[in-house]
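Worksheet: the structure to be examined is printed underneath.
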Amino acid sequence: MQAHNKTVVKSMQILTLFLNYPKLTFNEMMELSHIPKTSLHRMVGSLEEMGFLTRDEEGYYSLGLLFLQFGQLVAERLDIRIIALPVMKELRDDVEEAVNLIVRDANEAMYIEKIDTLQPVRLYTSIGRRSPLYAGDSRIILAYLPEEEREAYIENIELKPIAMGTITDKSVLRQSLEDARKNGYTITSSELENHTKAISAPILNNQNQIVAGISIAGIDARYQEDRLPELIQKVTNAARQISLKLGSQM
């Protein structure tokens with residue numbers, strides 16, 4: 001049984017490589033995973049046979065179409081995504097910035113939906129991308145967690161710098177979270193990527209608990225001071241619309 005468990009874990013290790021790389025050769029997978037060549041060859045063959053991986057004519061591997069089927073099923077069952085999508089599209093068309101829908105996944109945040117900007121210069125974010133709860137637009141989720149849960153996270157997390165604006169001081173982080181709860185939104189600058197800005201607001205359920213965050217993000221040149229009040233209002237209004245559809249009494 002333990003051998004089977006190890007095989008499953010290593011197979012998942014191979015598949016998760018493709019979260020950061022669209023295509024990989026066998027040798028690249030071996031280098032990144034540190035799995036012995038014989039074991040890797042056997043597992044990659046099995047994954048390919050089951051439809052989890054596919055190989056092109058040049059020998060590059062990528063995720064198989066089976067993941068598209070699974071992804072569609074998961075997406076269809078995420079009610080918040082279905083509810084939020086029309087509001088997100090309207091917000092994108094209104095402010096002409098990329099719009100993200102973010103949820104908590106353990107000690108991280110995950111982007112579960114994105115409506116891209118039509119601007120020629122844009123940020124690289126994608127559905128499935130993860131980020132720490134303390135940084136960038138994800139911090140709105142941390143700000144609205146129950147105090148005990150929030151403090152436990154802060155006590156146990158290491159604040160690693162990701163970009164030039166990432167908060168790495170816990171007292172500064174606590175103040176930022178307090179400001180977010182007081183104001184009902186966050187504005188973050190160059191925390192996940194340099195020279196970027198994001199504005200995020202909380203999405204609450206029928207018990208007024210945080211279930212997601214909605215944000216707009218882009219290069220900081222488009223987020224001038226005189227434009228911020230309008231953008232803040234539009235993001236918080238979008239969050240309120242989605243929250244009301246989820247039964248929030250905010």
Side-chain angles (χ1 to χ4, degrees), residues 80-81 84-85 87-105 107-145 157 159-169 172-173 175-204 210-243:
I80 189 170
R81 177 182 172 274
L85 199 54
V87 179
M88 293 174 68
K89 288 179 178 176
E90 185 177 341
L91 179 60
R92 190 281 308 271
D93 293 344
D94 193 6
V95 301
E96 298 182 338
E97 301 290 348
V99 182
N100 302 300
L101 184 65
I102 314 158
V103 297
R104 181 188 181 189
D105 186 17
N107 282 336
E108 295 181 304
M110 178 186 286
Y111 294 75
I112 62 168
E113 186 56 270
K114 177 186 179 181
I115 309 295
D116 219 337
T117 179
L118 300 178
Q119 300 286 348
V121 180
R122 59 188 68 178
L123 301 183
Y124 172 74
T125 55
S126 60
I127 296 172
R129 179 185 177 181
R130 294 173 180 271
S131 61
L133 289 173
Y134 63 82
D137 46 7
S138 308
R139 191 158 64 246
I140 195 67
I141 295 176
L142 181 59
Y144 277 79
L145 289 180
I157 199 72
L159 304 182
K160 298 179 181 179
I162 302 166
M164 61 186 185
T166 310
I167 293 175
T168 55
D169 183 301
V172 175
L173 175 61
Q175 184 60 55
S176 174
L177 296 172
E178 184 179 333
D179 291 343
R181 292 192 301 276
K182 178 182 175 182
N183 297 328
Y185 62 86
T186 62
I187 301 177
T188 58
S189 301
S190 297
E191 293 198 17
L192 294 173
E193 293 181 56
N194 291 337
H195 311 297
T196 63
K197 239 182 179 67
I199 300 172
S200 55
I203 296 172
L204 309 178
I210 183 80
V211 290
I214 186 172
S215 72
I216 59 172
I219 59 171
D220 53 12
R222 295 203 297 268
Y223 287 72
Q224 300 298 327
E225 284 296 322
D226 59 348
R227 193 185 178 210
L228 289 181
E230 177 192 3
L231 294 177
I232 291 166
Q233 181 184 24
K234 291 180 184 299
V235 173
T236 53
N237 283 345
R240 189 175 298 110
Q241 286 182 56
I242 300 168
S243 298

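Any value given below was found using the heavy atoms of this structure, including those in side chains, with hydrogens, waters and symmetry copies removed.
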Run the side-chain contact (heavy atoms from CB on, under 4.5 Å) test against [X] and tell me which residues pass, sequence neighbours left out.
X	answer
Glu108	Arg130
Arg104	Asn107, Leu133, Ile141, Leu145, Glu149
Lys182	none

Provide the closest heavy-atom pair for [X] versus [Y] in the form atom of the first, atom of the second, distance.
X	Y	answer
Lys160	Thr168	C-CG2, 4.3 Å
Ile162	Ala135	CD1-CB, 4.1 Å
Ser138	Tyr111	OG-OH, 4.4 Å
Glu97	Gly218	OE1-CA, 4.1 Å
Ile115	Met88	CG1-CB, 3.8 Å
Leu101	Ala84	CD2-CB, 3.8 Å

Check your understanding: Between Thr166 and Leu159, does a side chain to side chain contact (heavy atoms under 4.5 Å, CB included) hold up when you go through it step by step?
Key -> CA-CA 8 Å; Thr166 310; Leu159 304 182; over 6 Å; no
Would you say [X]'s side chain and [Y]'s backbone share a donor-acceptor pair under 3.5 angstrom?
X	Y	value
Tyr223	Ala217	yes
Glu193	Ser190	no
Asp94	Glu90	no

Let me confirm one number: the [atom1]-[atom2] distance from [X] to [Y], rounded to the nearest 0.5 Å.
X	Y	atom1	atom2	value
Gln175	Asp169	CD	CG	11.5 Å
Leu91	Lys234	CG	NZ	8.5 Å
Arg139	Ser215	CZ	OG	12.5 Å
Ile242	Ile203	CD1	CD1	4.0 Å
Glu96	Arg222	CD	CZ	9.0 Å
Arg227	Ile232	CZ	CD1	11.5 Å

Revision key, fill the gap. Checking Thr186, Asn100, Thr188, Asp137 against Ser200 for side chain to side chain donor-acceptor pair (under 3.5 Å), the one that qualifies is Thr186
Point to revise | Residues Asn237 and Gln241: side-chain donor-acceptor under 3.5 angstrom | key: no
Review point. Are any of the side-chain heavy atoms of Tyr185 and Pro202 separated by less than 4.5 Å?
Key: no
Point to revise | Close side-chain approach of Val211 to Leu204, heavy-atom, < 4.5 Å | key: no
